[in-house]
Protein chains: 2
Amino acid sequence: MKFTPKGQATRQRIVEGAAEYLRSNSPGSVTLDDVGAVTRTSKGQIFHYFPDGKEGLLLAVARHEADGVLTDQEPHLSALDTWESWTAWRDAVVARYRAQGRHCPLGALMDQMSGSPGTAEVITELLAQWQRAIRAGVVSMQASGQVRADLDPDRTAAAFVAGIQGGVQVLRATGRSDQLEAAFDLMIDYLRRA
Amino acid sequence: MKFTPKGQATRQRIVEGAAEYLRSNSPGSVTLDDVGAVTRTSKGQIFHYFPDGKEGLLLAVARHEADGVLTDQEPHLSALDTWESWTAWRDAVVARYRAQGRHCPLGALMDQMSGSPGTAEVITELLAQWQRAIRAGVVSMQASGQVRADLDPDRTAAAFVAGIQGGVQVLRATGRSDQLEAAFDLMIDYLRRA
DNA sequence: CGTTTTTTGTACTTGCTGGTCCAAAATTTG
DNA sequence: CAAATTTTGGACCAGCAAGTACAAAAAACG
């Protein structure tokens with residue numbers, strides 16, 4: 001499929017509009033007409049740019065959101081080489097999620113996961129990248145001798161992913177960020193003692 | 001609403017059948033006809049026992065599943081007073097979730113959460129109970145002097161909830177239990193060193 | 001320009017699903 | 001046993017939302 005610049009702009013408008021809309025509405029209840037209304041597009045355009053219909057559109061949205069999650073923390077993620085950078089990262093994530101409350105791109109992703117194997121794949125890739133970035137941070141802390149060398153960076157990073165993921169999940173369900181903060185603090189504290 | 005014994009049995013059959021069915025199918029795609037087919041009941045019966053229709057049924061299922069999650073780990077949860085009991089608990093949870101893979105009652109709950117405030121409440125209550133049980137375990141370890149007394153039991157329990165929750169979530173998305181195990185191990189290890 | 005391709009709008013179709021209605025069967029009750 | 005109540009079955013309805021058809025507008029192109 002090739003599109004002219006105008007076409008690409010429209011396509012992008014649809015994806016971004018749908019993404020934002022999906023952050024506050026469960027994917028099951030979002031209709032193509034909703035998307036059309038929000039993005040000022042007609043059904044014809046939606047199917048023109050997403051021949052696979054709703055499924056294709058949701059997948060495109062998933063990819064778009066997955067991108068956002070990582071680039072969002074990028075300044076922090078790639079520089080986890082001092083204790084300050086770790087806590088700064090923690091603060092950024094907590095503040096970010098606390099501000100947006102339930103309207104969470106990652107959470108919306110998870111919601112649309114069940115049923116769509118494509119989305120599950122996108123999430124798997126996202127988590128893997130995330131874990132890799134954290135792992136790199138652990139390794140760099142070991143390299144500078146601030147963390148014991150016998151710590152397994154892979155498992156530590158895996159635990160971080162689980163903790164953050166779970167904290168966000170709880171935040172979405174309950175509206176409270178306690179668990180997210182506690183998990184983050186415990187894990188960083190664990191690193192500190194290692 | 002009052003039902004005869006026969007009626008209660010039917011109601012229960014519907015809830016349990018629907019619950020099992022929901023574990024492997026996303027709630028958005030589950031229809032009342034599906035439930036009827038699986039539980040050998042007619043639409044009439046479903047609306048007879050759940051006057052609020054689908055929403056009421058899903059809520060009943062949510063409560064049923066929430067019960068199951070805790071009673072499932074109950075032998076372990078109420079006896080977290082030795083290191084062996086903690087690791088036994090860990091092993092039980094990991095084994096359990098690894099066996100069931102994606103068909104996870106808690107995960108299915110989370111899925112149907114978005115959009116239904118009732119379900120969100122059920123989940124909040126479940127998480128709170130869970131956290132309380134873990135907290136009690138931490139306290140008892142402190143009482144017996146196996147864990148430092150200056151550790152905050154609330155925050156520690158909160159972190160555990162987040163870690164497990166996230167691990168399960170990742171397991172559902174990727175099919176791998178690495179993160180769940182890593183989170184569990186890191187946290188227990190953290191306790192050990194405290 | 002004129003033609004060809006892309007983009008957009010809209011009316012329509014189709015299938016599905018939650019929910020209603022009502023009557024028959026079974027069960028309880030007196 | 002007869003009346004009242006509960007349980008069950010299934011036909012039916014209404015609305016909604018995905019997807020299609022097709023033509024007009026706009027742009028690209030030579």
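Here is how names work: the chains are called A, B, and so on, in the same order as the sequence lines, proteins then strands, and each is numbered from 1.
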**Student:** Mark yes when over 12 heavy atoms from residues, nucleotides or ligands other than Arg40(B) sit less than 6.0 Å from its CZ; otherwise mark no.
**Tutor:**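 No, the 6.0 Å shell around CZ holds no more than 12 heavy atoms from other groups.
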**Student:** Regarding Arg63(B) and Asp67(B), does a basic nitrogen lie under 4.0 Å from an acidic carboxylate oxygen?
**Tutor:**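 Between Asp67(B) and Arg63(B) there is no salt bridge, as every charged N stays at least 4.0 Å from the carboxylate O atoms.
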**Student:** Among residues 11-31 of chain A, which residues get a heavy atom nearer than 4.0 Å to DNA chain D?
**Tutor:**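 Heavy-atom contacts with DNA chain D come from Val30(A), Thr31(A).
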**Student:** Heavy atoms under 4.0 Å, any strand shown: does Tyr49(B) hit a base, just sugar-phosphate, or nothing?
**Tutor:**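 Counting heavy atoms under 4.0 Å across all strands, the contact made by Tyr49(B) is with sugar-phosphate only.
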**Student:** Go nucleotide by nucleotide along DNA chain C from the 5' end; which of Thr4(B) and Glu55(B) gets its closest nucleotide reached first?
**Tutor:**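 Taking each residue's closest nucleotide, the earlier one in sequence belongs to Glu55(B).
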**Student:** Just wondering, more than 12 heavy atoms not from Arg13(A) lying within 6.0 Å of its CZ?
**Tutor:**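 Yes, because the 6.0 Å sphere around CZ of Arg13(A) holds more than 12 heavy atoms from other groups.
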**Student:** What I'd like to find out is whether the side chain of Tyr97(B) reaches to under 4.5 Å of the side chain of Leu106(B), using heavy atoms alone.
**Tutor:**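 A side-chain contact under 4.5 Å exists here.
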**Student:** When we call it a touch if two heavy atoms are under 4.0 Å apart, what does Gly7(B) touch: a base, just sugar-phosphate, or nothing?
**Tutor:**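 Here Gly7(B) touches the backbone only, sparing every base.
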**Student:** Calculate the interatomic distance between Gln8(A) atom CD and dT8(C) atom P; express it in whole Å.
**Tutor:**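 Answer to the nearest Å: 12 Å.
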**Student:** With a 4.0 Å cut-off, would you call Arg90(B) and Glu84(B) a salt bridge?
**Tutor:**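 Between Glu84(B) and Arg90(B) there is no salt bridge, as every charged N stays at least 4.0 Å from the carboxylate O atoms.
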**Student:** Can you see if the side chain of Gln45(A) gets near the phosphate of dT8(C) - specifically, an N or O under 4.0 Å from OP1 or OP2?
**Tutor:**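 Answer yes for this pair, as a side-chain N or O of Gln45(A) is under 4.0 Å from OP1 or OP2.
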**Student:** Using atom CZ of Phe3(A) as one end and atom C1' of dT6(C) as the other, report the distance to the nearest whole Å.
**Tutor:**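 Going from Phe3(A) (CZ) to dT6(C) (C1'), I get 10 Å.
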**Student:** Less than 4.0 angstrom between a side-chain N/O of Thr41(A) and OP1 or OP2 of dG9(C), yes or no?
**Tutor:**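 Checking Thr41(A) against dG9(C): no side-chain N or O falls below 4.0 Å of OP1 or OP2.
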**Student:** Counting only heavy atoms not in Glu16(B), do more than 12 fall under 6.0 Å of its CD?
**Tutor:**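 Yes.
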**Student:** Taking CG from Asp33(A) and P from dG9(C), how many angstroms apart are they, rounded to a whole number?
**Tutor:**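 Going from CG in Asp33(A) over to P in dG9(C) covers 14 Å.
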**Student:** Hey, is Arg172(B) close enough to Asp111(B) for a salt bridge, meaning N to O under 4.0 Å?
**Tutor:**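 Judged by the 4.0 Å cut-off on N to carboxylate O distance, Arg172(B) and Asp111(B) do form a salt bridge.
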**Student:** Taking NE2 from His48(B) and C1' from dC21(C), how many angstroms apart are they, rounded to a whole number?
**Tutor:**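 One finds 15 Å between C1' of dC21(C) and NE2 of His48(B), rounded.
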**Student:** Could you state the atom-to-atom distance from CZ of Phe47(A) to C1' of dT7(C) in whole Å?
**Tutor:**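 After rounding, the gap between these two atoms is 16 Å.
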**Student:** Could you give the start and end, 5' to 3', of the contact zone on DNA chain D for chain A, using atoms under 4.0 Å from its heavy atoms?
**Tutor:**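 Result: dA17(D) to dA27(D).
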**Student:** Could one point to a donor on the side chain of Lys43(B) or the base of dG19(C) with an acceptor on the other under 3.5 Å away?
**Tutor:**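 Pair found.
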**Student:** Check this for me, if you would: do Arg155(B) and Asp178(A) make a salt bridge, where the nitrogen-to-carboxylate-oxygen distance has to be below 4.0 angstrom?
**Tutor:**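 No, Arg155(B) and Asp178(A) are not salt-bridged.
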**Student:** Just the rounded figure in Å: distance from P of dT28(C) to NZ of Lys6(B).
**Tutor:**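 Roughly 8 Å, once rounded to whole Å.
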**Student:** Taking any heavy-atom pair under 4.0 Å as a contact, classify Gly53(B): base, sugar-phosphate, or nothing.
**Tutor:**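 If one applies the 4.0 Å heavy-atom cut-off, Gly53(B) turns out to touch the sugar-phosphate alone, with no base involved.
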**Student:** I want to know whether Trp89(B) and Phe184(B) have ring centres closer than 6.0 Å.
**Tutor:**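 Yes - the distance between ring centres of Trp89(B) and Phe184(B) falls below the 6.0 Å cut-off.
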